[in-house]
Structure formats: C-alpha cells, structure tokens
Amino acid sequence: MTSMSGILHTYVVGLRVSVTIVHTCTIVLTSWRLWYKITQQRWWWEDVWAATALAAVIISGVSVWIFSGTPMDSEPWDGPVIAYWLIMINFTIGLWSSRLSMMCSIVRLSPPTRIRTVACCAAAAFGAIAIALLIHKCWFCARNHDWEEIAPLSCSLASSVGITQVIADFLSDITLVVLPAQILHQVKLPRNQRILFLSVFSGSLMTTLLSIVHVVFFIQVDPILKILTAQLEMAFSVIVCNLLPIVTCLYKVLRSRDLDLSHRRYPTDSMFLTTIVDIPSSDSHATEELKFIT
C-alpha cells in the first residue's frame, strides 16, 4: 500500500510540474499574441477564439492543482469532483477554440473565392463537433455519477467516444493544412516563404499524434496520464494557433533590421528595388501575414 501511494505521489508531482510548465508557456505566448493584436488594432474573430482558449487553459491549470491536491487513493470530495468537471469541459473548449482560431485566420487570409466559403463551412463544422462532444461527455458523466464516489476519480467514457474524438481531430487537422495549401496555389510567394507559411499550419498535425496518445490512456482508464496527455494536447494546440502572428511579427522585425543594415551599408542616394506581393482577401487587414518584401 505504501509502495502504491509512493507511485501515485510521483505521478501527481509529474502531472503538476508538466502542466504548470506547459501551461505557463501557453499563457505567456497567447497573452503576448492578444496584446500584439490589440496594439496593432488588428483584433478579429480569430483573436476572440484565442482568448477563449486562453481562459480554458488558465481554468484547466488551476483545476489540475485542485484535483491533484487530494491523494488519489482517498475518498473523493466536492473540490476534486468539481475540478475534474472543469478539466474535462475546458479541455474540449480549449482544444476546439484554438482550432476555430486557426480556421478564422484562414477565412481572413483567403481571397473571396470558393476557398473562403469552404473555410466558413469548416469553421461551422468545428463548432458543431465541439458542442456535440461537450454535450455527450457531460450527459454521460452526469447520468452515470457513481464515478464521483470512487477513488481514483475518473469518468470512464465509452471507447467509442475516444475513437470518435481521434477521427474528428485527424479530419480537422488535415483541413487546417489543406486549406492553406490551396491558398498558396493562388498566390506567388518565394519558396522559403511558402514553406514557412505552410509549416505554421502543419504544426496542427502534431496535435493529432498527441490525441492518439491521449486516447490510449483514455481507453485504459488511467486518470493521471489521461489528464496529462489531454492537457498537453490542448496546450500544444493553443500554441500552434499563436504561431502565425508570432512568426509574422518576428519576420517583420528581422526584415526591418535587414533593411536598416542595408541602408547603412549603401549611400543614401542608392536605389533599392523591392517587390511587394499583395494578396486580395476578405478584409483590409488580412494581407499582413501574406505581404512580404522580397
């Protein structure tokens, strides 16, 4: 019994440390992204969903600490039960809010063609999937509430829920890669910038890998590893949705520095030829991420 308690304590410490580190990085990056978009006066729906995901990450981080504050082998009480509910609900909210943020970025950047229509439909589908998963989880755990009195605390959903979640994750992440690739087919950008832009959205495929790992522990009903993998999946998805504004800002800073060095190197009366690639899109602010000086 003492050995088992020691193992559980080690798992709990690992859970707290991992979630704290990953969520702190996620909160810092998302907060910076929101501050940057506000100062640049470029706030849009993608930032609303990013803010929603940020709130979910914060609530989840606090809930993990409350949930793990009680020994796993002790009788559950109201605090850990409420924390578990918050962890489960905010996992779905944070994960799909980050995907909606990325999809809104695609809608904003896409030209007013069929691609934009498909992106809008995909965003609506993302929202419907998130709501369906959330309702199903809450309905199942509320109907079968015996788990609230059994240690270790864990609502054992049907394995079909986990499989459905993986399929939804895979299809949504594939969509987040295919649509930007279609946008790039309609514009002319240097090869390195095309790779950079597509790589930002391709990071969502890593979320699918984490989703598969999460479902493995989901089916095995391991409460600690199930929560840990879920929190890592959500946090990584939120980080990926912040990459586009972060990469855009870094590109602008580095590019302006290179231009400044060029002006210092050459006489002031020298002539510089630049090419600006401007892409028609759905609003006046949408061309920032796809406007490059080459």
Side-chain angles (χ1 to χ4, degrees), residues 4-5 7-27 30-31 49-100 127 129-159 161-162 164-165 210-211 213-215 217-238:
M4 181 62 65
S5 299
I7 294 174
L8 288 175
H9 176 71
T10 302
Y11 280 3
V12 169
V13 172
L15 173 65
R16 284 186 163 187
V17 171
S18 301
V19 169
T20 300
I21 293 175
V22 174
H23 281 19
T24 299
C25 295
T26 306
I27 291 169
T30 310
S31 299
W49 288 114
T52 304
L54 173 62
V57 169
I58 294 174
I59 295 174
S60 296
V62 174
S63 299
V64 166
W65 274 82
I66 296 175
F67 172 80
S68 59
T70 302
M72 294 290 104
D73 53 354
S74 64
E75 183 178 353
W77 56 286
D78 290 345
V81 171
I82 295 174
Y84 186 91
W85 275 99
L86 291 175
I87 291 171
M88 181 180 64
I89 292 172
N90 283 282
F91 162 70
T92 303
I93 293 175
L95 180 64
W96 287 94
S97 292
S98 62
R99 287 176 174 151
L100 278 168
I129 292 172
I131 293 173
L133 288 173
L134 199 57
I135 291 176
H136 182 74
K137 290 179 180 179
C138 292
W139 173 79
F140 185 89
C141 292
R143 187 188 63 171
N144 306 287
H145 55 80
D146 293 341
W147 60 272
E148 297 180 356
E149 302 174 357
I150 301 175
L153 198 62
S154 178
C155 177
S156 301
L157 296 170
S159 58
V161 177
T164 302
Q165 188 168 291
L210 289 172
S211 175
V213 176
H214 169 60
V215 168
F217 296 110
F218 180 92
I219 296 175
Q220 293 180 355
V221 196
D222 190 319
I224 300 297
L225 293 179
K226 180 171 70 173
I227 292 176
L228 175 60
T229 52
Q231 295 300 301
L232 293 178
E233 180 185 355
M234 176 183 62
F236 187 82
S237 182
V238 177

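All values derive from a computational prediction rather than experimental measurement.
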If we only count heavy atoms from C-beta on, is the [X] to [Y] side-chain gap below 4.5 Å?
X    : Y    : answer
S63  : W85  : no
E233 : V213 : no
L133 : W96  : yes
K226 : M88  : no
V57  : T30  : no

Quick one: closest heavy-atom pair of [X] and [Y], and the distance?
X    : Y    : answer
G61  : V19  : CA-CG1, 4.3 Å
A235 : V22  : CB-CG1, 3.3 Å
G94  : A53  : O-CB, 3.8 Å
T92  : K137 : OG1-NZ, 3.2 Å
S31  : L54  : OG-CD2, 4.0 Å

Distance from [X] atom [atom1] to [Y] atom [atom2], nearest 0.5 Å?
X    : Y    : atom1 : atom2 : answer
F91  : Q165 : CZ    : CD    : 4.5 Å
I21  : T26  : CD1   : OG1   : 11.5 Å
L232 : H23  : CG    : NE2   : 8.0 Å
I227 : F67  : CD1   : CZ    : 4.0 Å
C138 : H136 : SG    : NE2   : 10.5 Å
S60  : I93  : OG    : CD1   : 8.5 Å

Counting only N and O atoms by type, is there a donor-acceptor contact under 3.5 Å from the side chain of T24 to the main-chain atoms of T20?
yes

Can you tell me if S98 uses its side chain to pair, donor with acceptor, with the backbone of L95 under 3.5 Å?
yes

Check the pair Q231 / L15 against side-chain contact (heavy atoms from CB on, under 4.5 Å), numbers first and verdict last.
CA-CA 10 Å; Q231 295 300 301; L15 173 65; 5.6 Å; no

Results of side-chain hydrogen bond (donor to acceptor under 3.5 Å, both in side chains) for T229 - residues two or more places apart only
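With sequence neighbours excluded, T229 shows a side-chain hydrogen bond (donor to acceptor under 3.5 Å, both in side chains) to H214, given in chain and number order.
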
So, S97 and T52: side-chain donor and acceptor under 3.5 Å apart, yes or no?
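No, because no side-chain N or O of S97 sits under 3.5 Å from a partner of the opposite role on T52.
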
